[in-house]
Amino acid sequence: MTARVIDGKAFAAGVRAQVAAHVARLAEERSIVPGLAVVLVGEDPASQVYVRNKGIQTKEAGMASFEHKLPAETPEAELLTLIDRLNADPAVHGILVQLPLPGHMNAEKVINAISPAKDVDGFHILNVGLLGTGQKAMVPCTPLGCLMMLRDHHGSLAGLNAVVVGRSNIVGKPMAQLLLADSCTVTVAHSRTKDLAEVCRGADILVAAVGRPEMIRGDWVKPGATVIDVGINRVERDGKTRLVGDVDYAGAAAVAGAITPVPGGVGPMTIACLLANTLTACCRAHGLAEPEGLTA
Ligand code: GUN
């Protein structure tokens, strides 16, 4: 079997188009413009690239983009004051503080200072609790993107065996909660799981989010399974730097029913879902119906 390749780039473009259409309607019918504030502390080069891309795509969707760049040595109290100001600003519907933060800052404290209703990353402890108890939450962007692609491919996920490899707060744990809420039978595995290969072989849906290049081998994949590869790893090969996922793509694609490539799979969905979350936060703030198909 050769797997269907799930084109995340095209899927993300579709999500962005849906968001943009909804944003245009909000502007025309209600004069409402959703706004996203992104805060970057320091000069981490990868973070600068992410923040720039977020700003570009936010504006392309017709939303307002507010960028706040602070020096690395900014005192934590100053960042907390900025967050308070953004929490109170009615033009700001979503707030994202780019991680990682400099070492002198307490990331948990900073994240939990964001108003939960504006927490478009879904990292605030209240949103974590709401998601875990099946209540309406802001949902982390990467797992939300994975869920959208899975629903699109399968329709209903009910009764499917899902194995999530990785237990991070940003991907693994919320992914497991979302799959459980869609009535999958969920196993959360990780680098210390005994006989990980055998656990993976039981998966109808296999989500790899461990951060280890090509760790999931082709013969760990059940024939016909759907493989979602969240990994983005830089490796040196033949003297060149290449991006690879957490899955051995060629091996897995030969047996899977569907698979996301790296790059061009899950990656583009993250910012698309950030825009979707900003729109959702805006609709909720104004007591309007949420955009269909763009929430968990
Ligand atoms: N840094 C890398 N990915 C992310 C993300 O999804 N959200 C935030 N806030 N920071 C990040």
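In each ligand, atom 1 is the first atom listed, and ligand 1 is the first ligand listed.
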For a quick check under 3.5 Å, do Lys69 and Gln48 share a side-chain donor-acceptor pair by atom type?
no

Provide the number and element of each atom of ligand 1 under 4.0 Å from a heavy atom of Val97.
8 (C), 9 (N)

Answer with side chain, backbone, both or neither: which part of Leu99 has a heavy atom less than 4.0 angstrom from an atom of ligand 1?
both

Relative to ligand 1, is Leu274 under 4.0 angstrom through side chain, backbone, both or neither, heavy atoms considered?
neither

Arg212 and Asp246 ion-paired at < 4.0 Å:
no

Around Tyr50, counting heavy atoms of other residues, nucleotides and ligands shown, do more than 12 lie under 6.0 Å from its OH?
no

Of all the atoms in ligand 1, which lie at a distance below 4.0 Å from a heavy atom belonging to Leu96?
9 (N)

Charged N to carboxylate O under 4.0 angstrom, Glu60 versus Lys54?
no

Geometric N/O contact Gln98 with ligand 1, under 3.5 angstrom
yes

Asp121, Leu101, Ile271: member with heavy atom nearest to atom 7 (N) of ligand 1:
Asp121

Check the surroundings of atom CD in Glu28: do more than 12 heavy atoms from other residues, nucleotides or ligands lie under 6.0 Å from it?
no

Count the heavy atoms belonging to other residues, nucleotides or ligands that lie under 6.0 Å from CD of Gln135, then report whether that count exceeds 12.
yes

Phe123: numbered ligand 1 atoms lying under 4.0 Å from its heavy atoms
7 (N)

Are any of the N or O atoms of Thr270 closer than 3.5 Å to those of ligand 1?
no

